[in-house]
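As structure tokens, the structure follows; a few thoughts come after it.
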Protein chains: 2
Amino acid sequence: MANSQTLIADRITAAMGSMTSSEKRAARMLLARYPAIGLESVTAFAEQAEVSAPTVLRFITKLGFGGYPDFRRALRDEIDESRKFPLTRPRSENLDAGSDFGNELLEVVRATLAELDTGLVEQVIELFSDERRTVNILGGDLTTTVAGHLLYHLRKMRRSVFELPEMVQERSDRLIDLGKKDIVVLFDVRRYQEDVVTTARIAAQRGCTIVLFTDQWMSEASEVATHVFRAKIETSSPWDSLLGLTAIVEAIARELDRRLWSVVRPRLEAVERYKLNLLAQKEADPSSERHR
Amino acid sequence: MANSQTLIADRITAAMGSMTSSEKRAARMLLARYPAIGLESVTAFAEQAEVSAPTVLRFITKLGFGGYPDFRRALRDEIDESRKFPLTRPRSENLDAGSDFGNELLEVVRATLAELDTGLVEQVIELFSDERRTVNILGGDLTTTVAGHLLYHLRKMRRSVFELPEMVQERSDRLIDLGKKDIVVLFDVRRYQEDVVTTARIAAQRGCTIVLFTDQWMSEASEVATHVFRAKIETSSPWDSLLGLTAIVEAIARELDRRLWSVVRPRLEAVERYKLNLLAQKEADPSSERHR
DNA sequence: TCTCCTGTGTAATGTATTTTTCAGATTCTG
DNA sequence: CAGAATCTGAAAAATACATTACACAGGAGA
């Protein structure tokens with residue numbers, strides 16, 4: 001069907017004139033329960049419209065479809081289209097609001113957190129709490145910054161936290177040394193990167209625990225991941241949002257801190273002391289005292 | 001309205017843990033083309049997910065359906081439901097994800113965006129639109145990741161975007177060359193870093209335009225900055241949140257894209273072509289085609 | 001290395017669904 | 001009010017489909 005632009009619903013209205021009375025009954029039922037009823041069987045459709053199956057069939061033939069399967073395929077395509085809408089939307093139209101976009105960003109965070117599995121968070125906290133395990137973090141093109149955010153928190157709170165090299169050659173060298181005790185944390189969202197998926201597979205083969213942060217469509221890496229976080233990343237903007245992933249990372253960081261604060265606190269103080277020694281100068285800004 | 005509470009999509013997420021890797025592939029395909037693909041035949045579903053029909057069948061059984069027809073009926077019901085309510089997702093129940101830390105994170109984004117000055121955004125967009133100006137970006141310890149996020153977007157959309165080196169010695173060398181045409185973008189939040197403030201002062205002295213991203217208490221750098229964005233960063237967690245800053249960055253990126261899309265579009269396509277040449281391999285994953 | 005076990009696809013089976021045929025019902029027309 | 005034209009649905013025929021049975025593959029553990 002070439003004209004995906006023309007909604008099938010519109011075709012019905014147009015063709016209504018040349019319909020017999022029974023066929024009109026079918027048409028009305030289709031419009032009433034559009035498009036779901038078209039996805040049932042001919043028989044079910046016919047029963048609900050209180051006509052016979054052949055009548056329904058003649059009806060959809062008049063609409064210009066080759067047969068019932070053809071008609072259903074068109075309906076499914078329409079559903080697919082409507083899902084894609086935010087992506088393929090003609091760029092020009094709504095000049096209106098930055099505040100509208102603000103709501104979308106809020107929605108990204110809300111939707112992500114709403115679907116966040118707290119049990120999963122618990123499990124991952126458990127993993128991160130074990131300092132005998134090494135943590136290796138890798139992000140993709142877009143997600144490397146969120147990966148960095150997680151890296152930041154973990155590095156402050158515990159030892160043995162590393163980032164996997166972006167360069168594939170270097171990375172291969174590192175992957176060799178991974179084992180069952182190692183945790184590999186990967187970030188991969190749509191426009192999924194082959195090298196990240198491959199890294200996941202290798203890590204899986206080596207028996208690593210794999211924590212994956214991905215989007216609602218899920219990277220292939222999820223096939224081998226032991227723990228998968230899903231975030232919403234889609235907005236009306238052509239650029240995907242990292243807010244959802246960032247929110248998850250921060251929620252994890254906060255929980256980990258609660259769990260480990262008795263260990264983390266002295267660690268941070270020690271770091272602070274060393275830092276001062278390194279800089280060999282005293283802290284000047286009094287307003288910086290408030291944090292921690 | 002009976003089972004409208006449990007979206008099938010949510011059930012998938014929940015059951016994801018107990019899925020085998022092939023089943024996960026089926027799950028991902030369902031989420032990617034949700035719900036249309038579920039309305040095709042098992043065989044068609046299986047083919048597109050690149051698994052066998054029985055695998056798809058086992059998958060939907062694990063989701064708790066009695067059989068494939070049962071599953072499809074559920075999908076149709078969902079479509080019917082969504083027709084009745086304008087919003088695609090039943091505006092949800094308990095959105096706080098079990099903890100009210102989620103609400104705090106939401107509040108960070110909300111409060112930040114509420115105070116975002118759209119006039120200021122306009123001005124900065126104007127700055128970034130001018131490709132004769134060089135953009136130099138620098139983040140602090142925590143904020144270097146958001147800085148990276150801005151860097152990512154600007155770099156995709158225009159030329160002459162650089163990051164200032166973290167290392168102070170290197171950085172000094174670069175600062176020497178800055179002039180009136182240059183834009184310096186700084187990120188500095190509490191635990192303000194002296195080196196960032198100093199960088200701001202030097203840049204100001206050299207006549208640069210300075211765009212500062214800071215928190216509600218405002219870095220000292222704001223004294224010399226020409227444009228200042230303020231984000232909320234505080235939560236009940238001891239670790240500050242980057243969600244506010246990230247939201248501002250993404251809002252700016254989106255606006256810049258709208259303004260420049262006629263330039264950006266061909267640029268991205270060109271980049272894509274070069275990338276393919278570099279990799280010298282054809283795209284394998286069809287699901288990655290959809291974005292952009 | 002062998003054995004078990006889980007996961008997976010092929011192929012056969014039985015069931016549901018579409019499509020066709022055709023006869024009865026209805027409406028229209030002279 | 002005939003008689004033709006059109007419409008409609010029951011039932012058979014043809015097709016597509018979901019489901020099951022089974023065997024092979026590959027990894028885990030002894």
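In what follows, chains carry the letters A, B, and so on, assigned in the order in which the sequence lines appear, proteins first and then strands, with residues in each chain numbered from 1.
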Let me know the distance between [atom1] of [X] and [atom2] of [N], rounded to the nearest Å.
{"X": "Lys24(B)", "N": "dT6(C)", "atom1": "NZ", "atom2": "C1'", "answer": "15 Å"}
{"X": "Arg201(A)", "N": "dG27(D)", "atom1": "CZ", "atom2": "P", "answer": "13 Å"}
{"X": "Leu57(B)", "N": "dG9(C)", "atom1": "CG", "atom2": "P", "answer": "13 Å"}
{"X": "Glu40(A)", "N": "dT18(C)", "atom1": "CD", "atom2": "P", "answer": "10 Å"}
{"X": "Arg58(B)", "N": "dT6(C)", "atom1": "CZ", "atom2": "P", "answer": "14 Å"}
{"X": "Phe45(A)", "N": "dG9(D)", "atom1": "CZ", "atom2": "P", "answer": "13 Å"}
{"X": "Glu47(A)", "N": "dT17(C)", "atom1": "CD", "atom2": "P", "answer": "10 Å"}
{"X": "Phe71(B)", "N": "dA16(C)", "atom1": "CZ", "atom2": "P", "answer": "20 Å"}

Open item on the list: Looking at Ala36(A), is its backbone amide N or carbonyl O close enough to the side chain of Asp80(B) to form a donor-acceptor pair, meaning the two atoms are under 3.5 Å apart?
Closed with: no
- [ ] Indicate yes or no for a side-chain donor-acceptor contact from Arg206(A) to the backbone of Leu178(A) under 3.5 Å, with no hydrogens or angles considered.
- [x] yes
When you check the phosphate oxygens OP1 and OP2 of [N], does a side-chain N or O of [X] lie under 4.0 Å from one of them?
{"X": "Arg72(A)", "N": "dT17(C)", "result": "no"}
{"X": "Ser22(B)", "N": "dT8(C)", "result": "yes"}
{"X": "Thr55(A)", "N": "dG9(D)", "result": "yes"}
{"X": "Thr20(A)", "N": "dT6(D)", "result": "no"}
{"X": "Ser21(B)", "N": "dT8(C)", "result": "yes"}

Open item on the list: On DNA chain D, does the nearest nucleotide to Gly66(B) precede the nearest nucleotide to Glu23(A) from the 5' side, or the other way round? Give the residue.
Closed with: Glu23(A)
Choose from [options] the nucleotide whose nearest atom is closest to any side-chain atom of [X].
{"X": "Ser41(B)", "options": "dG9(C), dT20(D), dC17(D)", "answer": "dC17(D)"}
{"X": "Ser52(A)", "options": "dT19(C), dG9(C), dT8(D)", "answer": "dT8(D)"}
{"X": "Pro54(B)", "options": "dA18(D), dT20(C), dT10(C)", "answer": "dT10(C)"}

Open item on the list: Angle between the end axes of the helix from dT1(C)-dA30(D) to dG30(C)-dC1(D), five pairs per end, to the nearest 10 degrees?
Closed with: 20°
- [ ] Find out whether the Lys NZ or Arg CZ of Arg25(B) is both under 6.0 angstrom from the six-membered ring centre of Phe59(B) and within 45° of the ring's axis.
- [x] no
Task: Row check, Phe128(A) ring normal vs Arg158(A) NZ/CZ: under 6.0 Å, within 45° - done: no
Open item on the list: Quick one about Gln216(A) and Glu115(A) (side-chain donor to acceptor, distance below 3.5 Å, no hydrogens or angles considered), yes or no?
Closed with: no
Task: No-hydrogen, no-angle side-chain donor-acceptor test under 3.5 Å, Thr199(A) and Arg171(A) - done: yes
Task: Any side-chain heavy-atom pair of Thr134(A) and Lys181(A) under 4.5 Å - done: no
